[in-house]
Structures are given as C-alpha cells and as structure tokens.
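Below is one structure, written out as structure tokens; comments come after it.
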2 protein chains.
Amino acid sequence: MTVQLGFIKSDPTTVPAQMTCEICPGLELNICQAASQAEWAVSDAALIPVQQSDHFALARRIVCREEDLHDSVPVICGGWAASIATLSDSSRQILSFLLPGDIVPTTLLSEPRERYLVEAITDVRYRIFKRSELKAAVFKQMDLLEKFLKAWAEEKSRSDQLIVDLGRRTADERIARLILNLAERLAKRGMAGGEPVELDFPLRQRHVADATGLTPVHVSKVLSEFRRSGLIRISERSLTILDLKGFRRIANMR
Amino acid sequence: MTVQLGFIKSDPTTVPAQMTCEICPGLELNICQAASQAEWAVSDAALIPVQQSDHFALARRIVCREEDLHDSVPVICGGWAASIATLSDSSRQILSFLLPGDIVPTTLLSEPRERYLVEAITDVRYRIFKRSELKAAVFKQMDLLEKFLKAWAEEKSRSDQLIVDLGRRTADERIARLILNLAERLAKRGMAGGEPVELDFPLRQRHVADATGLTPVHVSKVLSEFRRSGLIRISERSLTILDLKGFRRIANMR
DNA sequence: CGCTTCATTGATCAATCTCAACTCGCGTGG
DNA sequence: CCACGCGAGTTGAGATTGATCAATGAAGCG
C-alpha cells in the first residue's frame, strides 16, 4: 500500500500528539495549536480541558459521515480529504477539499437533505475534538472565537466562489480555477510554490470531476488539452503550472 | 410605481422602528428583536448600545455593495432582495435570496474576487446595524451568539445545497428546487402555505436564471412546460404549486 | 402614443454527456 | 511467475442539454 501523506513523511503512530501538531502547517486557523494553548492557558485553573484524539484513515476510505459530526469536530492534520454530497443516483459533488489544518465543515449539523460525508483522498491523519468542549473553549477565549469567525468567513467565501464557478463558468475555467485555488491554499501552508509553481496533486480525475460538476471523461479531455498547449504538466501525483500567466488568463476570463 | 413590500403593506416611514421590528416574521434569527432585547437587557447598566437605522430601497436598485459591509450589517425587514456575484462580462450569479428577517450575508468581509452586491428585487425595507456594536452585543450574550451560529449554519447549508444543484442537477430540477426552497422559507415566515400551496413570487425570470445558472430563455421554456403539465400556475407575481407531489418528484429525482 | 422591460417561441449551435473501446499499471491469487 | 481483473486514464462517435440568435407580443410607464 502506498502511503501518500502529503508533506509529512513520518509515521504518525510514532510521533506524540503534541509533536505532530507543532509540525502542522502554520495556518490562520491552526486549531490543534490554538486549542492546546487554550488548554494551556487555563490549565492552572483547570477550567477547560480540551480533549483530542488522533486517528488515521486510508486513502479512499470514509473519514466520517454526517451523523458523526454532531458531537465531534475532526481536524485534518496530514493528507487530503474531501467533503462530499452524494445524490441518490450515486453521483457526487465535492463541496470542498480539506487540507492539513482545515477543520471539517464546521456547520454540518443541520437538516440533511443529501448525504454528506468526508472521504480520505490520500491517507489522512486527523484529530477529533469534542464539539461541546471545543465550543466552550472558543466561547471563553475571545481570540479563539475570532479565529473561528475568520475561518468561517473564508470557508463561506470559497463556497460562494464555487457557486459562481458552477453556475457561470465553462469546463476549462472551472478546472483551471480549481487548480489555481488549490495551489494558493497549498502555498499558504508552504506546500506549494517555486518557479514554475509546483504542487502535490493526489487528486484522481474523478475528484476533479466531482468538484467541478463535470464528467471524468470531459476532465480528461480538458486536462489533455491543457497539457498539449503547454500550460501544465502532471506526473507522479504532482502538478506543475508551466505557464502561470496563460493559465490565469484561462481561469479568470469573463 | 407599484410597491411590493411582500406581506407588509404599511408605509414604513409612518411606523416607528420598534413597531416594524415587532411585525417582523417570527424567525429563528430575528435580529432586530434580538438586538433590541440585548440593548434592553443591559440598558440599566448602559453597556451595549446597539444602534440601528431604517432604510429603504426601490425595486431593482442596489441595497449595498461589498465595501459597505465592512462596518455595517444590514437586515432585511420587508421585501425581497438578492445577494449577487457579477462577473466581468456582466453575467451574474445569485448566491442567495434574502427574505424578511434575513441578515445580509454575514461573512462578506473577505477578499473580493468577484464583485458582490445586494440588489432589491421588490421594494425593500431594511435596517442597518453597526458591525462592531452588533459583534460586541453578540459576544456578551451567549444566546444571541447561539442564534447567530444557527443562522450561519443554515446559510451554509443552503449554499452547499446550491452547489450540489448547480453541479449535478438538470435545469428542470434546479428550477423546481428553487421554487420549493423559496416556498419552504416563506412558509416558515407565515408568508406561504395553503392547499394548494401559494406564495408571493416577485421574481422575474431573469432572477430565476441568475439563481440557477441558466438562461432567461431556457427558464421561460421550462416554466412553460411546468405550466403546461399542470404542475404550477403563475399569475400576478404569485405562484401556486398545483401538484405538489409531482413537483417534488421532479425536484428530487436522482 | 412610443419606449422599455419582460416573456414567449422557433431555429440553430455549441458544450458537455454518454457510450464504447482500448491502454496501462498494479496487485492478487493460482 | 504469470494470468487475470480492476481502477484509472485516453480517445472517438454520436446524442442531449441548454445556449444563442432572432422575431414577436404583451404590459407598464412616462
């Protein structure tokens, strides 16, 4: 079995919890750290114990289902995952990709019209917080709350973005934008960059299709066309944007 | 000029602020009331003054732009509005319809990739809160914060829903679902119901098109087909769902 | 009245899907 | 060690959905 842990190569079971958390990409919202600090901050008064437990999911396996999210809040520590809505005919729509440091869709505790679930794309290491405890901690710590609000705003902004893409953009545009967005998010985590830009790209074309509302077949054609015109190169689960300017033009046109 | 104020027929200028707020449809999140109560609750201590000012926008006019939302939080009191993203080729995507009691997209204070704005569909009466004050009030009042969180969760849930619709559903399904969703939201406010279900429907076909990622022309064809097969009836800015069961079938299939 | 916006309808076009065949790499079990 | 099956990707042909273009009519408004 190939282990694709994104940027973290170490065996998660050998690393103590606090350690892994500290390697966690420095994100605006680094919950693990934030929560530990919260615990730390009040540990003298022994007020808010924020428990967290480590977990692991193999690629292509389900990390959690909607019902699991009622009392637990998972956070991705390593690897890629996706939150997915599945329709009754088994077609799927990816709502968002979850990268290391991302908190699993925060608000998934509403009435479920469709089936939501979180699926591991690569092998994934994650950590589960108790919702009630996390909430309590957040409410007591103003700055933690602020962080959450900011993360929320960003999450919402991305989903608005996706709505526009799905509603008003062509296949080429959607795919190019998806790649650029991922590159940007990865860059923030120090997991992409360079000249030309290069990034881990563990997605199957099926994932791209599910995220862009297209068909795997069509995704293949579009990506081939991108490759043929020298915009990108894909190999070994890694993607290079050869012509960033041209690629941006395709993504933003209109 | 016809005034279509949804369910509120009174001239807003003649009604004192507190009055209008009390007529406001009883919603999970009734900010006007909640905020006034917050003010009330601490008025003895004179701690959190939550100011609010009344405003009015004619149909088809802009209620506010993205940059306005940095320090102010508008709440719809009467009428319908829409929050819209516009692309550079002037095509538009409606992110959500705003009905009385709705708070204008809460998190629109992030980096703007597209141009967002809020546009009045009917004449709209709304109220503006100072963001900083509202925030302070919310942070001090646990239950207010809870209300906000719930409202956000719902907002997020709806936008996830929309993502699935735009990504994976046909024109027929999208349009039927839009109508059913609106009916449901209106029913919660006591603004729709009956047997057969009837609701105010001030939307132009252009709005439906902008919300579903379709063309006005195609919307017209689909709606005509719906009418022809006896599913719905539209007249006088009012819509009746004649065959709720059949309509639901069209909306949910797959 | 004459303008403008909105809706309807038909004809044609284009983007994307569907179906199908084929390849490649990989893991498994005989 | 090899045959096999499976999942992923590629490619082409044809079908479908919805877009585009264009003409027309109806309604609201100054």
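Throughout, a chain's letter reflects where its sequence line sits, starting with A, and its residues are numbered from 1.
Shown here are the side chain to side chain donor-acceptor pair (under 3.5 Å) partners of T240(B), two or more places apart in sequence or in another chain: there are none. Residues meeting the salt bridge (charged side-chain N to carboxylate O under 4.0 Å, His left out) test with R169(B), sequence neighbours left out: E114(A), D165(B). Every residue was checked against the ring pair (Phe, Tyr, Trp, His ring centres under 6.0 Å) condition with F97(B), not counting sequence neighbours, and none meets it.
Applying the ring-ring contact (aromatic ring centres under 6.0 Å, His included) definition to pairs two or more places apart or across chains, those involving residues 209-254 of chain B are F226(B)-F247(B).
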N/O to N/O distances under 3.5 Å, protein versus nucleotides 5-8 of chain C:
residue, atom, partner, partner atom, Å
dC6(C), OP1, R60(B), NH2, 3.4
dA7(C), OP2, Q205(B), N, 3.0
dT8(C), OP1, R227(B), NH1, 3.4
dT8(C), OP1, R227(B), NH2, 2.7
dT8(C), OP2, Q205(B), OE1, 3.4
dT8(C), OP2, Q205(B), NE2, 2.6
dT8(C), OP2, S220(B), OG, 3.0

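If you measure from atom CG of D210(A) to atom P of dG7(D), you get 16 Å, rounded to the nearest angstrom. Atom CZ in R168(A) sits about 16 Å away from atom P in dA15(C), given to the nearest Å. Between E225(A) atom CD and dT10(D) atom P there is a gap of 13 Å when expressed in whole angstrom units. The separation between H218(A) atom NE2 and dT10(D) atom C1' is 14 Å, rounded to whole Å. Distance R169(B) CZ to dT17(D) P: 17 Å, rounded to the nearest Å. Whole-Å rounding puts the D172(B) CG to dG18(D) C1' distance at 11 Å. Taking atom CG of L166(B) as the reference point, atom P of dG18(D) lies 12 Å away to the nearest angstrom. Between the P atom of dT10(D) and the CZ atom of F226(A) lies a distance of 13 Å, rounded to the nearest Å.
Listed for the R115(B) side chain is no donor-acceptor partner under 3.5 Å among the backbone atoms of L87(B). Under the 3.5 Å distance criterion, the side-chain polar atoms of S159(B) are matched with a main-chain donor or acceptor of K156(B).
Ring orientation note: the planes of H55(B) and Y126(B) are close to parallel, at an angle under 30° on the 30°/60° scale.
Salt bridge status for R185(B) with D102(B): present, with a side-chain N to carboxylate O gap under 4.0 Å.
With axes fitted over five pairs at each extremity, the angle between the ends of the helix from dC1(C)-dG30(D) to dG30(C)-dC1(D) is 30° (10° resolution).
No donor-acceptor contact under 3.5 angstrom links the side chains of R158(B) and N181(B), judged on distance only.
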